[in-house]
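Report on the following structure.
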Amino acid sequence: MATVSDQISAKREKPEHVRLTELGKPVTFLEAIREALWEEMERDPNVFLMGEDIGVYGGAFKVTEGFLDYFGEERVIDTPISEAGFTGAAAGAAHMGMRPVVEMQFMDFVSCAYEPLTNYIATSRYRRSGPVPMVVRGPVGGGVRGGPFHSQNPEMAFFHTPGLKIVYPATASDAKGLLKAAIRDDDPVLFFEHKKLYRAPGLREVLPNEDYVVPLGKARIHRQGKDLTIVTYGYMVHESAKAAEQLAEEDGLDVEILDLRTLLPLDDDAIVASVKKTGRVLVVHEDTRTGGIAGEIAMRINEKAFEWLDAPILRVTAIDTPIPYSPPLEDYFLPQVADIVTACRYLARY
Amino acid sequence: MADVTGDAFNGDGETGLSREQLHEIYYYLQLTRQAEEALVNLYRQSKVIGGLYRSLGQEATAVGSAYALHRRTDGTGDFMAPAIRNLGSMFVMGAPVVDVFRQYMAKGNSPTGGRELNVHFTDFGKGYLGPISHLGVMIEVLAGVALSFKLRGEPRVALGYSGDGAASTGAFHEAFNFAAVQRAPLVVIIENNQYAYSTPVSKQTAAESFVARAPAYGVPGESCDGNDVLAVYAMTKRAVERARAGGGASLLEVRTYRRKGHAEHDNQAYVPPEELAYWEAQDPIDRFERQLLARGWATADELAAIRARAAEEVEWARTEAEASPLPEPESALDDVYGWPPIRPLWTRLPNPDPHLW
């Protein structure tokens with residue numbers, strides 16, 4: 001296979017849209033993901049892609065644009081509409097030493113692959129049936145008027161499954177480094193890409209022109225602060241940052257933001273360290289409230305750092321409904337900056 | 001469409017098997033049946049911890065099909081995943097009898113260290129993959145195994161088994177369709193044993209056969225009498241070699257019968273007694289024995305010696321398995337991830353303090 005790939009590479013020029021970092025240009029969140037996939041496919045001939053419309057069309061969001069021409073249809077496989085089928089197939093290929101990366105056109109559709117993911121893939125290593133190094137990636141999240149089936153945040157449907165890892169980056173730099181780490185990881189990884197971040201101009205970054213990875217399982221301080229900690233991830237990192245700026249200006253509050261980056265395994269140490277620093281914690285997630293990760297985080301703080309708390313742990317989340325389409329409804333559904341500001345003020349006063 | 005193969009003995013040389021190979025097939029059939037009979041005894045003594053699933057009457061299907069594969073020990077041969085009634089396939093692929101006994105008896109030195117039971121265990125070197133109970137998923141996984149053979153240009157074939165029940169799952173369809181589209185070297189045998197737990201095949205499909213689906217998937221299909229071990233072998237061999245030669249996926253159906261309940265606890269009250277009597281007369285091992293003797297391919301003494309060899313193997317495995325220890329409780333924490341390790345409950349720490357967890 002390496003030879004096939006080498007032949008293709010020799011014949012084809014690497015297109016400019018995957019050379020932005022090489023050229024010293026800033027990349028968007030989406031371009032960072034594209035570069036990660038490309039570089040991993042160049043680095044390791046066992047890495048290949050499967051998904052719906054990822055070949056000729058380049059993917060619904062154009063993440064894999066140009067991949068088919070360069071890598072060929074054996075490594076960029078347009079599948080039938082069968083999320084369970086190709087996710088399970090990825091496991092079989094992984095058993096044989098391949099490193100499949102599966103795209104869910106929208107992560108809302110990963111529910112179709114719940115069976116292979118939770119029953120087969122997550123348990124394989126434990127059943128002594130071998131590790132399953134594979135990545136399932138795709139766009140998530142609301143705020144784009146996508147309606148109930150193109151807006152979901154299904155991370156918690158898998159959070160309860162030992163054996164899976166869940167990554168949910170918030171910056172271009174992390175998206176690239178975490179995706180490369182996920183592809184190299186020997187465990188199955190679900191990789192969530194918030195579609196509102198894909199082309200957000202404010203997230204453009206010049207990335208290091210080197211082969212870097214961001215280790216899974218390590219949270220990141222997005223903003224240093226001493227009065228209060230917001231534990232969050234994904235798009236809500238940026239909404240929390242807006243709230244923090246407002247609170248600094250209007251209330252003189254110094255808010256720390258902890259970006260989890262990886263939800264499973266959860267970086268307890270980073271959470272506890274921040275709690276010990278500020279004594280006040282708000283968990284913010286775009287996912288719905290009941291069964292959201294805030295509950296688990298609160299419990300872990302309760303177990304490990306209760307004595308350091310000066311206030312109850314609170315949360316700001318989406319409301320417990322399906323995701324509605326119409327803008328007034330969806331905006332009401334989603335947690336807003338104003339909600340985060342209100343919650344922080346309550347906590348600070350407590 | 002469906003080419004229903006008759007008696008493999010219509011043409012003498014059809015299977016191309018040597019006398020030694022025919023004896024080997026007889027050995028695996030005997031090994032399967034005797035191992036299961038020993039397991040029944042262990043089950044009745046409560047030494048088999050979980051359920052016990054018999055393949056009585058289906059041994060020919062399992063043994064004959066797996067015998068058509070390239071069997072290696074170094075991970076370069078063909079690859080298969082059994083369903084619960086393919087113990088015989090496992091033995092043909094080289095699964096040790098003692099491993100099966102240890103699996104059933106939940107022993108710490110079983111291939112899964114006591115995490116899984118029965119035939120749910122894997123050996124990548126020998127080429128078998130432990131199934132999960134959601135059997136449709138195994139066709140998905142094998143489609144991916146076959147796809148990787150194709151991508152790498154390896155002359156290997158994946159063989160999957162589905163019962164008449166699992167053939168109704170969406171997973172089966174998604175996986176088989178994908179393999180067909182990719183022209184992946186996947187052979188799927190639908191083992192129609194007439195019952196999925198208590199549900200008869202008439203409630204599983206409105207079609208007259210499962211192999212009738214083959215043209216709809218755009219692949220070759222074939223079916224045969226599942227109680228004729230050489231017919232099963234010959235049919236599987238054709239499909240496996242076609243796949244190896246780049247001919248893509250095939251859908252096979254064997255017609256057989258599950259002569260025991262779904263598991264040992266199931267008394268099969270839903271089965272008409274005359275049906276059982278009919279199929280008892282079709283016993284695949286008795287049939288093969290008669291054929292071996294009638295064709296002069298074995299003597300009665302040779303067959304008795306093979307039976308004794310199987311009995312010896314089973315008895316040795318039983319003794320070893322019974323003497324094997326149960327797993328250490330703390331080993332339940334191991335092997336969830338490559339990293340990180342899973343932590344015990346804080347209440348079980350030497351100094352029970354949740355802060356330390």
Side-chain angles (χ1 to χ4, degrees), chain A residues 1 4 45-46 48 50 74-75 77-98 100 112-113 115-116 119-134 162-165 185-187 216-217 265 268 272 300 302-307, chain B residues 75 79 81 110-113 115-116 120-122 124 129-134 136-154 156 158 169-182 184 186 332 334-340 342 346 354-357:
Chain A
M1 241 192 99
V4 173
N46 292 312
F48 74 105
M50 287 196 284
E74 297 214 315
R75 296 184 70 193
I77 298 177
D78 272 324
T79 63
I81 299 181
S82 51
E83 287 81 4
F86 62 75
T87 301
H95 277 323
M96 295 294 119
M98 308 292 283
C112 302
E115 180 180 62
N119 284 305
Y120 188 89
I121 292 164
T123 63
S124 178
R125 181 190 286 275
Y126 195 69
R127 293 182 287 108
R128 302 234 174 120
S129 207
V132 186
M134 61 178 278
L164 299 178
K165 291 177 178 175
D185 201 273
D186 284 336
D187 292 312
L216 306 188
D268 289 3
V272 168
R300 293 198 190 194
N302 198 39
E303 286 165 343
K304 292 189 175 182
F306 179 75
E307 298 82 356
Chain B
F79 199 81
S110 78
T112 63
R115 283 93 184 280
E116 256 281 31
H120 291 198
F121 64 98
T122 295
F124 287 108
L129 184 64
I132 65 168
S133 300
H134 315 58
V137 171
M138 299 315 296
I139 309 301
E140 296 171 357
V141 175
L142 288 168
V145 167
L147 181 66
S148 70
F149 294 160
K150 189 191 103 168
L151 295 181
R152 291 176 152 164
E154 295 174 350
R156 304 171 69 188
T169 63
F172 179 97
H173 168 69
E174 289 196 14
F176 193 74
N177 181 56
F178 183 39
V181 168
Q182 285 291 324
L186 175 69
D334 301 339
D335 302 324
V336 176
Y337 297 102
W339 176 91
I342 302 300
W346 70 269
H355 294 84
L356 303 173
W357 184 83

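So you know, we letter chains A, B, ... as the sequences are listed, proteins then strands, and number each from 1.
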Answer with side chain, backbone, both or neither: which region of [X] has an atom nearer than 4.5 Å to a non-hydrogen atom of chain A?
X	value
B:Gln182	side chain
B:Phe124	side chain
B:Trp339	both
B:Phe176	neither
B:Phe121	neither

Any donor-acceptor pair under 3.5 Å linking the side chain of [X] with the backbone of [Y]?
X	Y	value
A:Tyr126	B:Ala332	yes
B:Asp335	A:Arg125	no
A:Arg127	B:Ile132	no

Under a 4.5 Å heavy-atom cut-off, does chain B meet the side chain of [X], its backbone, both or neither?
X	value
A:Pro116	both
A:Ile121	neither
A:Asp187	side chain
A:Asp185	neither

Greatest number of non-hydrogen atom pairs under 4.5 angstrom with chain B, of A:Ala90, A:Ser129, A:Pro80, A:Ala305, falls to A:Ser129
Which one wins on heavy-atom pair count under 4.5 Å against chain B: A:Glu83, A:Glu115, A:Arg300, A:Met50?
A:Glu115
Out of B:Ile139, B:Leu142, B:Leu129, return the one with the most heavy atom pairs under 4.5 angstrom to chain A.
B:Leu129
Could you have a look at B:Ile342, B:Asp334, B:Leu356, B:Asn177 and say which one has the most heavy-atom pairs with chain A under 4.5 angstrom?
B:Asp334
Reported [atom1]-to-[atom2] distance for the pair [X] and [Y], which is rounded to 0.5 angstrom:
X	Y	atom1	atom2	result
A:Leu164	B:Tyr337	CG	OH	6.5 Å
A:Met96	B:Phe79	CE	CZ	3.5 Å
A:Ile77	B:Leu147	CD1	CG	4.5 Å
A:Met98	B:Arg152	CE	CZ	5.5 Å

So, do A:Tyr120 and B:His134 have ring centers that fall under 6.0 Å from each other?
no
Do you know the tightest heavy-atom contact between B:Ser148 and A:Ala93?
CB-CA, 4.2 Å
For A:Lys165 and B:Pro340, work out which heavy atoms get closest and say how close.
CE-CD, 4.4 Å
Can you name the residues that form a ring pair (Phe, Tyr, Trp, His ring centres under 6.0 Å) with B:His173, not counting sequence neighbours?
B:Tyr217
